[in-house]
Amino acid sequence: ALDTSVDLNALDTSARCRLPRFSGAGVASLASGCSKLGCLRLSGASRVDHQALGDEAQAPVPPSGASRVDDRALAAVAAHAPALHTLHVRMCFAVGDDGVVALGASACARTLTHLNLGGCNALTNAAARALGARCDALALLDVNGCRKIDDVGVSALAAGACARTLTHLNLQVSASS
């Protein structure tokens, strides 16, 4: 069993860490027991899925090396981490609007200062609208490679709650994204 009596404020499960796959019980315990979690890096994580984050519904297993982080995983993190200020879900191809909308509607929307969604190419203007509406502390937003976010999404950010705090916005779209 995971001891959650420690004040954990950062967790990096990205592919570069070479950690073994988290069990569903371990990460569910982490998500629900570490309410002070401030920094979470799930970028390209192939070892964490929505089941590991407390959602027991069955989902298809992605190809080897692909991220298992999806909308339900992102929603679970958002629901259990009200102090989250930094979140990296870069290259998590199964993350789409539903996960980001859940993030925008959660308590951590008010504490989130850095959000990296680069390469989450399923995101659309709906995700940008959700972030713009409630993320009033957001300073850095990376949506590099998110081709479906266009002028409408950028306008929603510029007119939203994050407009006064956003200092870095990466909208770059490479030829390969």
Side-chain angles (χ1 to χ4, degrees), residues 8-15 17 19 21-24 26-62 66-138 140-146 148-149 153 156-157 160-162 170:
L8 181 68
N9 64 15
L11 175 67
D12 189 340
T13 65
S14 56
C17 289
L19 295 173
R21 181 181 160 94
F22 283 97
S23 72
V27 179
S29 195
L30 172 76
S32 64
C34 296
S35 61
K36 293 183 180 181
L37 187 64
C39 177
L40 183 59
R41 298 180 195 282
L42 296 169
S43 297
S46 60
R47 297 171 182 87
V48 179
D49 59 16
H50 66 274
Q51 290 176 312
L53 291 165
D55 183 348
E56 297 304 322
Q58 294 296 319
V61 175
S67 173
R68 295 173 182 268
V69 177
D70 60 13
D71 287 334
R72 289 181 287 183
L74 188 56
V77 167
H80 295 292
L84 198 63
H85 57 77
T86 302
L87 179 60
H88 290 256
V89 289
R90 181 172 183 75
M91 304 304 286
C92 295
F93 304 119
V95 169
D97 291 338
D98 290 344
V100 176
V101 167
L103 182 67
S106 71
C108 71
R110 302 287 189 198
T111 60
L112 202 58
T113 59
H114 292 79
L115 180 58
N116 188 335
L117 296 166
C120 298
N121 54 18
L123 296 178
T124 71
N125 293 327
R129 279 191 300 273
L131 296 173
R134 289 206 54 232
C135 295
D136 56 6
L138 196 61
L140 181 146
L141 176 60
D142 187 337
V143 289
N144 174 17
C146 301
K148 297 176 186 173
I149 296 178
L157 292 169
C162 68
N170 185 355

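- Results of the side chain to side chain contact (heavy atoms under 4.5 Å, CB included) test with Val100 over Val143, Leu131, Thr124 single out Leu131 as the only residue that passes.
- Among Thr86, Leu140, Leu84, Leu138, the single residue meeting the side chain to side chain contact (heavy atoms under 4.5 Å, CB included) criterion with Leu115 is Leu138.
- The two residues Cys162 and Cys135 come nearest to each other via the heavy atoms CB-O, 3.0 Å.
- Residues passing the side chain to side chain donor-acceptor pair (under 3.5 Å) test with Asn125, sequence neighbours excluded: Asp150.
- Among residue pairs with one or both ends in residues 112-123, none qualify as salt bridge (Lys or Arg N to Asp or Glu O under 4.0 Å); sequence neighbours excluded.
- Side chain of Arg134 to backbone of Ala109: no donor-acceptor contact under 3.5 angstrom is found.
- Distance check, rounded to the nearest 0.5 Å: CG of Leu74 to SG of Cys92 gives 8.5 Å.
- Checked by atom type and distance alone, the side chain of Thr113 pairs as donor or acceptor with a backbone atom of His85 at under 3.5 Å.
- Across every non-hydrogen atom of Val95 and Cys120, the tightest pair is O-CB, 4.0 Å.
- A donor-acceptor pair is defined here as one N or O able to donate and one able to accept, closer than 3.5 Å; no such pair exists between the side chain of Arg90 and the backbone of Leu117.
- In terms of modelled atom types and a separation under 3.5 Å, the side chain of Asn170 and the main chain of Asp142 share no donor-acceptor contact.
- Within the structure, side-chain hydrogen bond (donor to acceptor under 3.5 Å, both in side chains) contacts touching residues 102-112 (residues at least two apart or in different chains) are Arg110-Asp136.
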Test log, rule side chain to side chain contact (heavy atoms under 4.5 Å, CB included), inputs Asn121 and Cys146: CA-CA 4 Å; Asn121 54 18; Cys146 301; 5.9 Å; no
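- Annotation for Ala81 and Cys108: closest pair O-CB, 3.2 Å, computed over non-hydrogen atoms.
- For residues 91-106, there are no salt bridge (Lys or Arg N to Asp or Glu O under 4.0 Å) pairs, not counting sequence neighbours.
- In terms of heavy atoms, Phe93 sits closest to Ala122 at O-CB, 4.3 Å.
- Residues that satisfy the side chain to side chain donor-acceptor pair (under 3.5 Å) test with His114, not counting sequence neighbours, are absent from this structure.
- Between the Asn116 side chain and the Val89 main chain, no donor and acceptor come within less than 3.5 Å of each other.
- For Ala161 against Ala133, the heavy-atom pair with the smallest separation is CB-O, 3.5 Å.
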